[in-house]
A.B. asks: 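What follows is a single structure, and I will ask about it in a moment.
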Amino acid sequence: MRGIRQWMSDHREVAGILVFLLIIIVIGGASYGISYAASGRSGKNNVSVPSSEAGTLAAAGPSGENGQTEPPTTPPGENGPTVKPIVPEGSSEAGSTQTAPESGQAGESSEAPPPTEGNTAPSVGSTITEHGVHFQIVDEQVTARIETNLRRVPSTEKDEDVVAKIYNGDWIKRTGIGHNGWSRVEYEGQVLYAVTSYLSTDGSSSSVPTYQEASDNVTAKEEVYLRSAPDSTTEENIVGSLNHGEYLVRTGIGSNGWSKLDYNGTEVYAVTSLLTTE
């Protein structure tokens, strides 16, 4: 002890500094011990909240977007499904229900579309094409000059195409006159075809066709009967037939849809629409 005192006496300044440092260490250690003891009792650091704000936070709960309060959510799997936040009215989030516009609102029309040109009946004087024949539209009543077949197609090629027959005094409506000697008619709600020269608008029962002079070689498109008279209502006037690739000289083209042909020096008739120069 005497040695320490002698040393301190000899080194007063150094001894004063050491004593000051020792005091600081002791005070710091005591403060840390007090703080640690206090936190150990609570188990966590307490953050003080002003009393005026604490009550507001407890009542309001967590704040949602746009300043609106959201209810607390429960994690999936714990006490039921997750409660979804309330979506504000007008929100564009997926899953929001949008009301469909009522009938009559903008963007919808309750009126039927206007009719198109395709739904309009052709006018008198216009031309339509059916089965390769150009028909000028007419609206008139006709009767048969002689017994006349009404056919599904403007051709005498197949007998099974005959739907009905009309006689002089049976009036039907003609709706078109074709360029090849056929007429388009309406019969019991059906569109049918008849040889124009067999029809009359004045009720007459005879027809005198005119023939335009011709001089060309023709053959049948497939096969055509050669007849002694321009009449296809009977088979008694058939004198022969013409097949495709066989040629005869045509001497006249009639207004009744028939052609005059020279058949081994005999004048015969064949339906003009069934002949070709090719």
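Source: prediction; values computed, not measured.
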A.B. asks: In the single-linkage hydrophobic clustering (I, L, V, M, F, W, Y; side-chain heavy atoms under 4.5 Å), do Val142 and Tyr198 co-cluster?
C.D. replies: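 No: no chain of side-chain contacts under 4.5 Å links Val142 to Tyr198.
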A.B. asks: So do Lys165 and Leu150 actually touch side chain to side chain, heavy atoms under 4.5 Å?
C.D. replies: no
A.B. asks: If you round to the nearest 0.5 Å, how far is NE2 of His131 from CG of Asn180?
C.D. replies: 11.5 Å
A.B. asks: Could you tell me the separation between the CG atom of Asp262 and the NZ atom of Lys260, rounded to the nearest 0.5 Å?
C.D. replies: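 The CG atom of Asp262 sits 12.0 Å away from the NZ atom of Lys260.
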A.B. asks: Can you measure from OG (Ser155) to CG (Asp161) and round to the nearest 0.5 angstrom?
C.D. replies: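 Separation between the atoms: 7.0 Å.
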A.B. asks: If Ile, Leu, Val, Met, Phe, Trp and Tyr residues are connected whenever their side-chain heavy atoms lie under 4.5 Å apart, and connections chain through other members, are Leu274 and Val133 in the same group?
C.D. replies: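 Cluster IDs for Leu274 and Val133 match.
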A.B. asks: Using the rule given for side chain to side chain contact (heavy atoms under 4.5 Å, CB included), can you reason through Arg174 versus Thr201, listing the C-alpha separation, both sets of side-chain angles and the distance that settles it, and then say yes or no?
C.D. replies: CA-CA 9 Å; Arg174 175 160 60 183; Thr201 57; 3.5 Å; yes
A.B. asks: Would you check if the distance from the ring center of Phe135 to the ring center of Tyr193 is below 6.0 Å?
C.D. replies: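 Close enough - the centres of the two rings lie under 6.0 Å apart.
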A.B. asks: Cluster question for you: counting only ILVMFWY and a side-chain heavy-atom cut-off of under 4.5 Å, with indirect links fine, are Leu199 and Tyr187 together?
C.D. replies: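 As far as the 4.5 Å side-chain criterion goes, Tyr187 and Leu199 are connected within one cluster.
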A.B. asks: Do the side chains of Val138 and Val191 join up, straight or via other hydrophobic residues, at under 4.5 Å, putting them in one cluster?
C.D. replies: no
A.B. asks: Kindly indicate, with the supporting measurements, whether the criterion side chain to side chain contact (heavy atoms under 4.5 Å, CB included) is fulfilled by Tyr211 and Ile253.
C.D. replies: CA-CA 5 Å; Tyr211 288 88; Ile253 301 174; 6.0 Å; no
A.B. asks: Might you work through the side chain to side chain contact (heavy atoms under 4.5 Å, CB included) test for Ile172 and Ile166, ending with a clear yes or no?
C.D. replies: CA-CA 9 Å; Ile172 60 175; Ile166 60 172; 3.7 Å; yes
A.B. asks: Could you measure the distance from the CG atom of Leu261 to the OG1 atom of Thr251? Nearest 0.5 Å is fine.
C.D. replies: 6.5 Å
A.B. asks: Suppose we screen for side-chain hydrogen bond (donor to acceptor under 3.5 Å, both in side chains). Which residues come up paired with Thr272, at least two apart in sequence or across chains?
C.D. replies: Ser259
A.B. asks: Report the residues that fulfil side-chain contact (heavy atoms from CB on, under 4.5 Å) with Ile24, sequence neighbours left out, ordered by chain and then residue number.
C.D. replies: Phe20
A.B. asks: Filter on ring pair (Phe, Tyr, Trp, His ring centres under 6.0 Å), then keep only pairs touching residues 144-183, sequence neighbours left out; what's left?
C.D. replies: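 Of all non-adjacent pairs touching residues 144-183, those that pass ring pair (Phe, Tyr, Trp, His ring centres under 6.0 Å) are His134-His179.
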A.B. asks: Which residue pairs pass the salt bridge (Lys or Arg N to Asp or Glu O under 4.0 Å) test with at least one member in residues 211-240, sequence neighbours excluded?
C.D. replies: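 As it turns out, the salt bridge (Lys or Arg N to Asp or Glu O under 4.0 Å) pairs with a partner in residues 211-240, which skip direct neighbours, are Asp216-Arg250.
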A.B. asks: Is it the case that one hydrophobic cluster holds both Leu192 and Val153, taking links as side-chain heavy atoms less than 4.5 Å apart, direct or via other members?
C.D. replies: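 As far as the 4.5 Å side-chain criterion goes, Val153 and Leu192 are not connected within one cluster.
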A.B. asks: Grab the two heavy atoms, one from Tyr263 and one from Leu248, that are nearest each other, plus how far apart they are.
C.D. replies: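 What the structure gives for the nearest pair is CD1-CD1, 3.9 Å.
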A.B. asks: Considering only residues two or more places apart or on different chains, which pairs with a residue in residues 124-138 satisfy salt bridge (Lys or Arg N to Asp or Glu O under 4.0 Å)?
C.D. replies: Glu130-Arg184
A.B. asks: Do the side chains of Arg151 and Thr156 get nearer than 4.5 Å, heavy atoms only?
C.D. replies: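 Touching, per the 4.5 Å side-chain cut-off.
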A.B. asks: Testing the 3.5 Å rule here: is there a donor-acceptor pair between the side chains of Ser200 and Asp202?
C.D. replies: yes
A.B. asks: What are the two closest non-hydrogen atoms of Gly245 and Thr219, and how far apart are they?
C.D. replies: N-OG1, 2.9 Å
A.B. asks: Once rounded to the nearest 0.5 Å, what's the spacing between atom OG1 of Thr148 and atom CD1 of Ile146?
C.D. replies: 5.5 Å
A.B. asks: Between Glu140 and Lys173, is any pair of side-chain heavy atoms under 4.5 Å apart?
C.D. replies: no
A.B. asks: Give, for atom OH of Tyr225 and atom CD1 of Ile238, the distance between the pair rounded to the nearest 0.5 Å.
C.D. replies: 5.0 Å
A.B. asks: What's the shortest heavy-atom distance between Val224 and Ala270, and which atoms?
C.D. replies: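 Minimum heavy-atom contact is CG2-CB, 4.1 Å.
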A.B. asks: Answer yes or no: is there a side-chain heavy-atom contact under 4.5 Å between Asn217 and Val249?
C.D. replies: yes
A.B. asks: Which heavy atom in Leu275 sits nearest to a heavy atom in Leu242, and how many Å separate them?
C.D. replies: CD2-CD2, 4.2 Å
A.B. asks: Verify side chain to side chain contact (heavy atoms under 4.5 Å, CB included) between Asn168 and Arg145, making sure each step is shown before the conclusion.
C.D. replies: CA-CA 5 Å; Asn168 184 252; Arg145 297 180 186 274; 5.6 Å; no
A.B. asks: Who are the side-chain hydrogen bond (donor to acceptor under 3.5 Å, both in side chains) partners of Thr196, not counting sequence neighbours?
C.D. replies: Ser183
A.B. asks: Check the surroundings of atom CD in Gln141: do more than 12 heavy atoms from other residues, nucleotides or ligands lie under 6.0 Å from it?
C.D. replies: yes
